[in-house]
*Asks:* 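One structure, pasted below without further comment.
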2 protein chains.
Amino acid sequence: MRARLAEAGLRATRQRLVILESLLHLPGHPTAEQVHRRVVGQEPSLSLGTVYKALDSFVAAGLTRRVASTEGSCRRYDADCSAHHHLFCTDTQEIIDFHDPQLDTLIQEFFAVRGLQGFQAQSFSLHITGNKLAGDEPRK
Amino acid sequence: MRARLAEAGLRATRQRLVILESLLHLPGHPTAEQVHRRVVGQEPSLSLGTVYKALDSFVAAGLTRRVASTEGSCRRYDADCSAHHHLFCTDTQEIIDFHDPQLDTLIQEFFAVRGLQGFQAQSFSLHITGNKLAGDEPRK
DNA sequence: GTGATTGCAAAATCTTTGCAGGGAC
DNA sequence: GTCCCTGCAAAGATTTTGCAATCAC
């Protein structure tokens, strides 16, 4: 934890440690508000403003990403910076991670052959919209 | 224009006609604010609140979509409801439409074979992050 | 010690709401 | 005529900012 922050060139404050830890444990790509709610349990004086600043610094340092979402009215964060895709559940508003190296390869090969005129692609992320089926957990 | 609104079950007010027309003509998936700026040229008394209400009603009626974006602080709208993908330019923040039926087929076939445990997929949209190359327009 | 980080409160953004008057059908 | 829609202004929600005190290194 402490090492991750050091690698990213960020000072390991008590607050950042708790925030990063919370972000890693909260499911479904939390908002700043959700991170704050979890974090005040351990650090009651930790302010929401600090959560915003810490999350911004994580994103700037490449420790964390912002997740694209269609609800727009609040930002969501993802501690997983590896290449992956997202399942958007229209019922619960959850955003579920979906890793599939075979799919990554398929997409990369497609664009290697076909190319994009006038655009240099850096990364791909597939947004799959649908809904969770009762009783069965989507694979992570 | 008027017919589109009627089909969607919405009353064709002067304001909605101008808003829908603007949305179709503005490039790069505008925000409510951007739509409003264009629209006041034709209808100076048209308020920003009305733009929000109209865009919401378009989305509810399936005439328009909200675009997922990672900047979170404002909503962006897309008048194109057909299946398509998006190029996200990290330099200009533009979101460019990208249609490719072959890619659609590729993705659909991939999931037809493999399936998603516990999730019923309805639609797919690929987010391609990268940057525009100087002097060359990405295909739309 | 030095410079980055925190906490707080105020401000800035973006979006929604309530309601009276007006307009589409 | 009826009910939906608009305009306005106020409220709500989310995010940013400024600055003095504090903490990591």
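Each chain gets a letter, A, B and so on, in the order its sequence line appears, and its residues count up from 1.
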*Asks:* Return the value, rounded to whole Å, for the distance between atom CZ of R2(A) and atom C1' of dC25(D).
*Replies:*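 It works out to 12 Å between those atoms.
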*Asks:* Name all pairs fulfilling the salt bridge (charged side-chain N to carboxylate O under 4.0 Å, His left out) condition that reach into residues 7-17 of chain B, sequence neighbours left out, sorted by first residue then second.
*Replies:*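 Listed once each, the pairs are R14(B)-E43(B).
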*Asks:* When clusters are formed from ILVMFWY side-chain contacts under 4.5 Å, directly or step by step, what else is grouped with V113(B)?
*Replies:*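 The other cluster members (ILVMFWY side chains, heavy atoms under 4.5 Å, direct or chained): none.
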*Asks:* Under the salt bridge (charged side-chain N to carboxylate O under 4.0 Å, His left out) rule, what pairs show up with a residue in residues 18-32 of chain A, not counting sequence neighbours?
*Replies:*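 Applying salt bridge (charged side-chain N to carboxylate O under 4.0 Å, His left out) to every pair that reaches into residues 18-32 of chain A, excluding sequence neighbours, yields E21(A)-R38(A).
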*Asks:* Would you check if the side chain of H127(B) reaches a backbone N or O of S123(A) as a donor-acceptor pair within less than 3.5 Å?
*Replies:*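 No: the side chain of H127(B) does not pair with the backbone of S123(A).
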*Asks:* How would you list, by chain and number, every residue that makes a side-chain hydrogen bond (donor to acceptor under 3.5 Å, both in side chains) with Q122(B), sequence neighbours excluded?
*Replies:*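 For Q122(B), the residues satisfying side-chain hydrogen bond (donor to acceptor under 3.5 Å, both in side chains) (neighbours in sequence not counted) are N131(A).
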*Asks:* Does F88(A) sit in a hydrophobic cluster with other residues, and if so which ones, taking ILVMFWY side chains as linked at heavy-atom separations under 4.5 Å, directly or through other members?
*Replies:*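 Reading the cluster by chain and number, F88(A) sits alongside V67(A), I95(A).
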*Asks:* To the nearest Å, give me how far apart CG (D56(A)) and P (dT14(D)) are.
*Replies:*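 Atom-to-atom, D56(A) to dT14(D), this comes out as 16 Å.
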*Asks:* Who else is in V40(A)'s hydrophobic cluster (ILVMFWY, side-chain heavy atoms under 4.5 Å, direct or via others)?
*Replies:*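 Noted: V40(A) shares its cluster with no other residue.
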*Asks:* With S82(B), which residues qualify under side-chain contact (heavy atoms from CB on, under 4.5 Å), at least two apart?
*Replies:*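 If we apply the side-chain contact (heavy atoms from CB on, under 4.5 Å) test to S82(B), skipping adjacent residues, the hits are D80(B), H84(B), H99(B).
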*Asks:* How would you list all residue pairs meeting ring-ring contact (aromatic ring centres under 6.0 Å, His included) that involve residues 9-30 of chain B, not counting sequence neighbours?
*Replies:*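 Listed by first then second residue: H29(B)-H86(B).
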*Asks:* Identify every side-chain donor-acceptor pair in residues 50-64 of chain B under 3.5 Å, counting partners at least two apart or on other chains, and give the distances.
*Replies:*
unit_1: T50(B); atom_1: OG1; unit_2: S47(B); atom_2: OG; d: 3.1
unit_1: S57(B); atom_1: OG; unit_2: A54(B); atom_2: O; d: 2.7

*Asks:* Could you work out how much the helix from dG1(C)-dC25(D) to dC25(C)-dG1(D) bends, comparing the axis of its first five pairs with that of its last five, to 10°?
*Replies:*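 Both end axes considered, the difference amounts to 50°.
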*Asks:* Tell me, which of residues 36-55 of chain A have any heavy atom that sits under 4.0 Å from an atom in DNA chain D?
*Replies:*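 Correct list: Y52(A), K53(A).
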*Asks:* Go through residues 4-25 of chain B and report each residue with a non-hydrogen atom lying under 4.0 Å from DNA chain D, sorted by number.
*Replies:*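 Output list: R11(B), T13(B), Q15(B), R16(B).
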